[in-house]
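Each remark here refers to the structure printed beneath this line.
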Amino acid sequence: PAEPTMVLRLKFLNDTERLARVRPGDTVGALKRAYFPGQEQQVRLIYQGQLLRDDTQSLAALHLAHNSVLHCHISPHSSAPAPAGPRASADPAHAALDVGSLVLPLFVLMLAVLWYFQLQYRHVFTATATTFLAGLTLLFSFVAFTMYRR
């Protein structure tokens, strides 16, 4: 016996809609793969105000009915998949400290301090040190702008 199909309405932020023909036994991950190939990690599906984090959860377990609306958000940058299961929490107090996000501000601070000392204590900095500092600042600026231009 073939499993009956149902239609889900995928609604995007710009109020456009797309119809998805699925089976109740399909998983959230299968829906993402079928309708957003190559963008699975960027797609966030929301049903009745709840973010569907677990890609292994079946649509039947979510109690989706025919013609239910799933809100879709496609982020421009890929992010790591969220941990699945009951321990997954959106509470920032339980999230690990993201040290990677501190590298850019610390490097900017370090360059600012070096430029301050270069301007205040010019006699200590040689021409080579000043040239190196200027080159490092230009290189960092180029890398920062190309990374965050996307």
The side chain to side chain donor-acceptor pair (under 3.5 Å) partners of R33 (sequence neighbours excluded) come to none
- Query: Do Y35 side-chain atoms and L19 backbone N/O form a donor-acceptor pair below 3.5 Å?
  - Reply: no
Between P4 and P24 the two heavy atoms that sit nearest each other are O-CD, 3.1 Å
Residues passing the ring-ring contact (aromatic ring centres under 6.0 Å, His included) test with F117, sequence neighbours excluded, are Y121
All heavy atoms of F12 vs all of R18, minimum pair found to be CE1-CB, 3.9 Å
To the nearest 0.5 Å, atom CG of L45 lies from atom CD1 of I74 at 9.0 Å
Output for pair (L133 CG, T128 OG1), nearest 0.5 Å, gives 12.5 Å
Do the side chains of W115 and M110 join up, straight or via other hydrophobic residues, at under 4.5 Å, putting them in one cluster? yes
> More than 12 foreign heavy atoms under 6.0 Å from CD of E17: is that the case here?
Replying inline: yes
_Are L119 and L111 connected into the same hydrophobic cluster when the rule is that any two of I, L, V, M, F, W, Y join if their side-chain heavy atoms are below 4.5 Å apart?_
no
One should read off an interatomic distance between H73 NE2 and K11 NZ, to the nearest 0.5 angstrom, of 15.5 Å
When rounded to the nearest 0.5 Å, the distance separating CG of L51 from CZ of R44 is 6.5 Å
Query raised in the report: V103 and L106: same hydrophobic cluster, using ILVMFWY side-chain contacts below 4.5 Å?
Result: no
Residues at least two apart in sequence or cross-chain that pass side chain to side chain donor-acceptor pair (under 3.5 Å) with N14, listed by chain then number, are T16
Note: V22 and L31 closest approach over all heavy atoms is CG1-CD1, 3.6 Å
For L8 and Y47: C-alpha separation, side-chain torsions, deciding distance, then whether side-chain contact (heavy atoms from CB on, under 4.5 Å) applies.
CA-CA 11 Å; L8 297 178; Y47 178 62; over 6 Å; no
To the nearest 0.5 Å, atom SG of C72 lies from atom NZ of K32 at 9.5 Å
Count the heavy atoms belonging to other residues, nucleotides or ligands that lie under 6.0 Å from CZ of F132, then report whether that count exceeds 12.
no
Those residues at least two apart in sequence (or on a different chain) that pass ring-ring contact (aromatic ring centres under 6.0 Å, His included) with F140 are F107
Applying side chain to side chain donor-acceptor pair (under 3.5 Å) to S68 and not counting sequence neighbours gives none
- Message: Surrounding CZ of R9 (heavy atoms of other residues, nucleotides or ligands, distance under 6.0 Å), is the total greater than 12?
- Response: yes
Sorted by chain and number, sequence neighbours left out, side chain to side chain donor-acceptor pair (under 3.5 Å) with Q120 holds for none
Worksheet item: Between the main-chain N or O of G38 and the side-chain N or O of E40, is there a donor-acceptor pair closer than 3.5 Å?
Response: yes
dist L64:CG -> L52:CG (nearest 0.5 Å) comes out at 7.5 Å
- [ ] Give the cluster check for V69 versus L62: same hydrophobic cluster or not, with ILVMFWY residues linked at side-chain heavy-atom distances below 4.5 Å.
- [x] no
side-chain contact (heavy atoms from CB on, under 4.5 Å) evaluation trace for L59 with V28: CA-CA 6 Å; L59 300 176; V28 173; 4.3 Å; yes
| message | Would L114 and L136 count as a side-chain contact (heavy atoms from CB on, under 4.5 Å) here? Give the steps. | response | CA-CA 11 Å; L114 284 173; L136 187 64; 5.5 Å; no
